[in-house]
Asker: 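The structure's right below; bear with me while I get my questions together.
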Amino acid sequence: MTTNDLAARAHALRQQLTRYGHEYYVLDAPSVPDAEYDRLFRELQTLEQQHPQLKTADSPTLRVGGMPLPEFSQITHSVPMLSLGNAFSDMQQDDFARRHAELLQFDERIRRELAESPIRYATEPKFDGLAISLLYRDGVLVQAATRGDGITGENVTENIRTIHAIPLKLELAHPPTLLEVRGEVLMLKRDFERLNAEQLARGDKTFANPRNAAAGSLRQLDSRITAQRRLSFFAYAIAQVEGADWPLSHAGEMDWLQQLGFPVVAQDLRPVVEGAAGLAAYYESVLQRRATLPFEIDGVVYKVDSRAQQEELGFVSRAPRWAIAHKFPAEEALTLVEAIEEQVGRTGAITPVARLQPVFVGGVTVTNATLHNEDEVLRKDVRVGDTVIVRRAGDVIPEVVSVVLERRPMRPAAGGDLFSQGEEAQYPPYRLPSHCPVCGSHVVREAGEAIARCSGGLSCKAQRSQAIQHFAGRRMMDIDGLGERYIDKLVEYGYVHGVADLYRLTLDDLLQMKRRADEDEGVTPETVKAGKVASKWAENLLQAIAASRQPALARLLFALGIRHVGESTAKTLADWLGSLALIRRAPAALFAALPDIGGVVAQSLADFFAEANNEAALDALLHYVAPADEHPPSAKLGEQLDTAVLLARLAIPRLTEVRSQQLATQISGLEQLARMERRQLLLLQLPAEVVNALADWLDEAANRQALQQLAALRTEILSSLPQDTLTAHPLFDGKTFVLTGTLPTLSRDAAKALIEAAGGKVAGSVSKKTHFVVAGADAGSKLAKAQELGVAILDEASLQAMLQQTAD
DNA sequence: CTCCCTCGAGTTCT
DNA sequence: CTCGAGGGAG
């Protein structure tokens, strides 16, 4: 045969095999016997082996897998893979009425948002597998990635190619130049059972459930192993299309995907329904059919069918508002409470935990279940020795649902006479200990709080260890290799008392600590190899500690573990105030002037830095660590230092937002107020009770002094602010925009990003505070509301024009 | 004052 | 993932 003939033969074989494969794996209707398929497959394999130039990226021979990878590479999703919200509460299987009520509520919310009725919903089962993104360029599968954290996932292209149900090439004369398909990889129940039987016969470990089997199979670095596992796939969404028309509805997308050769769930399992009644009927019918389905599902999904309506609803943080998961009631099991013990958290929170007789539920063996807090234990009246119903809440976290009272161990009532039949429980109701189980300090429960806390602070070993653990965490100082176990030991043996001590650790310290820890735990005596492993570990750890010495300011702030200050608040502080020095000096009112920081968080910050121990620990830490990105306060801070704003943040009794504004107009500044006497205050045009409260407040020397300090700090900050206002766009700065309808070229997110970059804010709904409404095609109620309120209305062109008018 | 949303904190198992 | 609490909008 000539080269051309060979190429033609290879091409023909590929086409034939792809078609047979599709018939077999997707349509479940093979037209040729397996032997025939195998014969053609081997012919193509041989041909490609002998003539490597004939290999293609879409050849069915790729389905057998290739060389093992050293590791999966990371892939950034260009369209984030979001998770679905769940607006429904857990309930019993048979609680139709409550379920229906919740569906009505959900449907009503959507109708209100869209100002339309009835709403058409596309439905589908919620597969219990792994979400995957598939990228096709010019019709050829070029990349497959796991969901990961939604932003970045792992590159599993080789493994995905071995899944026969996934087309390697779209059979179209003119495929889209770009297509990103989302779907779920899973293992059918029958394939799972077969796999486990094989594993058992081979003496390999079996998988707890099909989901774990699918995950374990897909995450093989050796794709040849993946190829031997029978994985299936169902497509359920399109994330990107270029070079083809994007269907206008979800149902349309699904039909198109099916035409393109993707397996999608059978049509009768994904009806388009109307309103709450349609959703309810769908839910109940799928629940009925659940056991007979060939794959595991953990609920159903409802999606607003119209893509225009989807765009209008948009997103909240990382979940679309137009799609929602409705989970089935979780599987439940009975087990025995062997003990109730308490854990002490980083902030001293005392959490009761039920130690359970191990029980297999929802795919794993559960031995512990949190009881959250004292009230929760008492409400459920869980006691030692009780038989309880447990389940995995959201199919993840074990939870005690209720006690089976009939099975509570009893004994005859004490003091009962011969005639009384009285019995009493062997164990009394649960009581939270009055002293910390770790350090013995008093346990305090603030009025109105659900959580009791150990008052020991950092003198409590549990809190100290966990403070250090928090400090070292990935999103904080990111010290790799410093796990819980070693931190506990470092604290226990006295190598580390506070976070600064980490930076003083030597190689010897670490090796000594490890040796002692191993001895304490009866780990086998040292070998030469173990010694090498240990010193490698210690070196890596020292390197990781050294690498953490120039953190971003926000990370350092988060790492300090200040109550109520998490990742997001830490970032706000770093962005607005810029330097640790300023943050350490700032009074509560300054914190409270920042966005999303209110009185409680502000006070918590001020308290932290006012505490001498914390200041000392911070000073010690700063011998070794320096934030790498300190800068002057943000230019935006200037507006927040407005006299009226600061007055309102001082938490002066009776001085409301409105009164603060009135007061601000009558004084020249905070300095003046700080000097005013009661008789001068009486001249202010404010209600008498406000003036009195203000005067009383100023009578406290500490308050007056705090006000003076705030005034001085304000002046100082204002003079240090960058003078240029280059970031602020005059037409956008401080203005609120609302987007509605579909813009001709900009996506919703792109428009939002542009407005925010120019200093504007984008809100979800129109109110009298809205400055501009940007309306596109099919704009709905928001446009009407804007017209009603007389809010300025822009189209995309005028928005762009406004953006163009920069500082000229 | 009352929603509604976001953020913080705690948690399990592999 | 879920709960509770804090913050802000209406």
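Every chain is numbered from 1, with letters handed out A, B, ... down the list of sequences.
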Asker: At under 4.0 Å, does any side-chain N or O of A:Thr569 touch on OP1 or OP2 of B:dG8?
Answerer: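 Yes, such a contact exists.
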Asker: Please give, in whole Å, the distance from C:dG7 C1' to A:Gln603 CD?
Answerer: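 So the CD-C1' distance, A:Gln603 to C:dG7, works out to 16 Å.
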Asker: For A:Arg383, is there any backbone N or O sitting under 3.5 Å from a side-chain donor or acceptor partner on A:Asp386?
Answerer: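 It does hold such a pair.
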Asker: How long is the line joining CD of A:Glu374 and C1' of C:dG4, in whole Å?
Answerer: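 To the nearest whole Å, that distance equals 17 Å.
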Asker: Does A:Arg355 have any salt bridge (charged side-chain N to carboxylate O under 4.0 Å, His left out) partners at least two apart in sequence or in another chain, and if so, which?
Answerer: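 Per chain and number, A:Arg355 pairs via salt bridge (charged side-chain N to carboxylate O under 4.0 Å, His left out) with A:Glu341.
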Asker: Throw together a table of side-chain donor-acceptor distances under 3.5 angstrom for residues 599-607 of chain A, partners on residues two or more places apart or in other chains.
Answerer:
| unit_1 | atom_1 | unit_2 | atom_2 | d |
| --- | --- | --- | --- | --- |
| A:Gln603 | NE2 | A:Asp607 | OD1 | 2.9 |
| A:Ser604 | OG | A:Arg563 | O | 2.6 |

Asker: Should A:Asp375 and A:Arg445 count as an ion pair when the cut-off is N to O under 4.0 Å?
Answerer: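 Looking at A:Asp375 and A:Arg445, the cut-off is met.
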Asker: Answer yes when A:Glu108 and A:Arg111 have at least one side-chain N-carboxylate O distance shorter than 4.0 Å, and no when they do not.
Answerer: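 Answer for the salt bridge query: no.
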Asker: Take the protein atom CG of A:Leu594 and the nucleotide atom C1' of C:dG8, then report the distance between them rounded to whole Å.
Answerer: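 Value for this atom pair: 15 Å.
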Asker: Which parts of nucleotides 9-14 of chain B does protein reach within less than 4.0 Å, heavy atoms only, written one letter per nucleotide 5' to 3' as B for base, S for sugar-phosphate only and - for none?
Answerer: SSBSS-
Asker: Give the rounded distance in Å between these two atoms: CD of A:Glu108 and P of B:dC4.
Answerer: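 It is 11 Å, rounded to the nearest whole Å.
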Asker: Output the rounded distance in Å from CD (A:Glu376) to P (C:dT2).
Answerer: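 One finds 14 Å between P of C:dT2 and CD of A:Glu376, rounded.
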Asker: Can you tell whether the side chains of A:Glu193 and A:Lys189 come within less than 4.0 Å, N to carboxylate O?
Answerer: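 So A:Glu193 does not pair with A:Lys189 through a salt bridge.
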Asker: Could you state the atom-to-atom distance from NE2 of A:His372 to P of B:dG8 in whole Å?
Answerer: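 Atom-to-atom, A:His372 to B:dG8, this comes out as 19 Å.
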Asker: Starting at CG of A:Leu371 and ending at P of C:dT2, how long is that distance when rounded to a whole Å?
Answerer: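 These atoms are roughly 17 Å apart.
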Asker: Separation of A:Asn373 atom CG from C:dG4 atom P, in whole Å?
Answerer: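 After rounding, the reported distance stands at 7 Å.
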